[in-house]
Protein chains: 2
Amino acid sequence: MSNQFGNKLRELREQQNLLLRQVAPLLDVDTPMLSKIERGERQAKKELVLRLAPILKAKPDELLTLWLADQIAALAADEEVGLQAMQVAEEEVKYQKTKKKK
Amino acid sequence: MSNQFGNKLRELREQQNLLLRQVAPLLDVDTPMLSKIERGERQAKKELVLRLAPILKAKPDELLTLWLADQIAALAADEEVGLQAMQVAEEEVKYQKTKKKK
DNA sequence: GTTATATTTGTCATTATTTGGCAAGTCATT
DNA sequence: AATGACTTGCCAAATAATGACAAATATAAC
């Protein structure tokens, strides 16, 4: 399993010399929960990612990208057609971007 | 929403001149359910996709690819960082492929 | 090796989401 | 208006995700 997101969280947290038990309360989760998120055992909600960014002095988009990437990778990883599917999906998303609205 | 998978199903089914009520029993689902799958209102299970392939005279991998692509696109579509995340995820998946095992 | 602190593990009840099926609906054709 | 093809709406059951807690395991200091 990949968990680039969680790895980044841990890396940033340690860079700031912050403990799980210090950060967790700021996010309204308990310490074990944050631990699980960092290790990829639990999924963070988007809102939590956004609240985390300033605490870890990271750009929200950077964290969101890794957060989403892990989810996508999890889907694609255990299928033989994973990479092809991603190509198709990419075109699909690009196309949808052109016509603004959802 | 995209639904390339469902669109392909319908296209193939019509090419074979098959009716929903003919195909559905072969898959052990009822007609409304298959209708919903074709319209992307319900997700097909992987196993159903595989059983569908021979009926519609399609390559399993072709259907699986679209089926997965829709799921990935659904994840990425409503995030601004969707495309970037897909790039990251792609690298992630490629990397995992190199080290065989999960 | 005992104490203290940080993190992880395991379990659980609650909540949310997904699923599959049915009854009834629409739409078109005859 | 009857038939045939498909769709819609709704619901109960199954499944998965969530958050919390107690307990367990490090890790390090003394």
Side-chain angles (χ1 to χ4, degrees), chain A residues 1-52 55-56 63-64 67-79 102, chain B residues 1-52 55-56 63-64 67-79 102:
Chain A
M1 190 177 296
S2 36
N3 196 29
Q4 296 205 51
F5 173 67
N7 292 342
K8 175 59 78 174
L9 291 196
R10 179 146 299 187
E11 178 192 327
L12 291 173
R13 180 173 61 81
E14 290 177 342
Q15 266 173 28
Q16 312 280 329
N17 274 327
L18 294 171
L19 302 174
L20 285 176
R21 74 175 163 81
Q22 297 177 302
V23 176
L26 304 176
L27 304 167
D28 293 309
V29 298
D30 70 353
T31 305
M33 178 65 68
L34 186 53
S35 166
K36 285 170 184 174
I37 288 171
E38 283 192 350
R39 287 173 297 112
E41 195 184 307
R42 281 285 199 292
Q43 257 251 332
K45 309 190 145 167
K46 183 177 179 182
E47 193 224 345
L48 186 140
V49 179
L50 295 175
R51 279 194 284 155
L52 207 34
I55 297 171
L56 300 181
L63 294 187
L64 279 177
W67 170 76
L68 227 201
D70 279 353
Q71 299 176 51
I72 294 171
L75 262 187
D78 43 31
E79 295 289 343
K102 73 154 48 175
Chain B
M1 191 178 294
S2 35
N3 196 29
Q4 296 205 49
F5 172 67
N7 293 342
K8 174 59 79 175
L9 290 196
R10 179 145 299 187
E11 177 192 327
L12 291 173
R13 180 173 61 80
E14 291 176 342
Q15 267 174 28
Q16 312 280 330
N17 273 326
L18 294 170
L19 301 175
L20 284 176
R21 73 176 163 81
Q22 296 178 302
V23 177
L26 303 176
L27 303 167
D28 293 311
V29 298
D30 72 352
T31 305
M33 179 64 66
L34 186 53
S35 167
K36 285 169 186 172
I37 288 171
E38 285 191 349
R39 286 173 296 110
E41 195 185 306
R42 283 285 197 291
Q43 256 251 332
K45 310 192 144 168
K46 184 179 179 182
E47 192 223 347
L48 186 141
V49 179
L50 295 176
R51 281 194 283 155
L52 208 34
I55 296 171
L56 300 181
L63 295 187
L64 279 177
W67 170 77
L68 227 200
D70 280 352
Q71 298 176 52
I72 293 170
L75 261 187
D78 43 32
E79 293 290 342
K102 74 152 48 173

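We name chains A, B, ... by the order of the sequence lines, and we start the count at 1 in each one.
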_So does B/Ala44 get a backbone contact from the side chain of B/Trp67, meaning a donor-acceptor N/O pair under 3.5 Å?_
yes
*Please round to the nearest 0.5 Å and tell me the distance separating atom CD1 of A/Ile72 and atom CD of B/Glu79.*
9.0 Å
*How close or far is atom C1' of D/dT15 from atom CD of B/Gln43, stated in whole angstroms?*
14 Å
*asked:* Just the rounded figure in Å: distance from P of D/dT7 to CD of B/Glu38.
replied: 7 Å
*NA contact type, B/Lys45, heavy-atom cut-off 4.0 Å: base, sugar-phosphate, or nothing?*
sugar-phosphate
*To the nearest Å, how far apart are B/Leu34 CG and D/dA5 C1'?*
13 Å
_Tell me which residues in residues 4-31 of chain B lie within less than 4.0 Å of DNA chain C, going by non-hydrogen atoms._
B/Val29, B/Asp30
*When the distance from CD of A/Glu47 to P of D/dG19 is rounded to whole Å, what number comes out?*
10 Å
*Are any of the side-chain heavy atoms of B/Leu27 and B/Met33 separated by less than 4.5 Å?*
no
*Can you measure from CD1 (A/Ile37) to CZ (A/Arg39) and round to the nearest 0.5 angstrom?*
10.5 Å
*Say you draw a straight line from OG of B/Ser35 to CG of B/Leu9; how long is it, rounded to the nearest 0.5 Å?*
11.5 Å
*Euclidean distance, atom NZ of residue A/Lys36 to atom P of D/dA17 [Å, nearest integer]*: 14 Å
*asked:* Do B/Arg51 and B/Leu26 have side chains that approach each other closer than 4.5 Å (heavy atoms only, starting at C-beta)?
replied: no
*Quick one: pull up CG in B/Leu12 and CG in B/Asn7 and give me the separation to the nearest 0.5 Å.*
11.0 Å
*Rounded to the nearest angstrom, tell me the gap between atom CZ in A/Arg42 and atom C1' in D/dA17.*
8 Å
*Can you give the first and last nucleotides of DNA chain C, 5' to 3', that have an atom under 4.0 Å from a heavy atom of chain B?*
C/dT19 to C/dA23
*CD of A/Gln71 versus P of D/dA17: gap in Å, rounded?*
11 Å
*Answer yes or no: are there more than 12 heavy-atom neighbours, outside A/Glu47 itself, under 6.0 Å from its atom CD?*
no
*asked:* Going by the rule side-chain contact (heavy atoms from CB on, under 4.5 Å), which residues pair with A/Arg13 if we only count those two or more places apart in sequence or in a different chain?
replied: A/Arg10, A/Leu18, A/Leu20, A/Val23, A/Glu38, A/Leu56
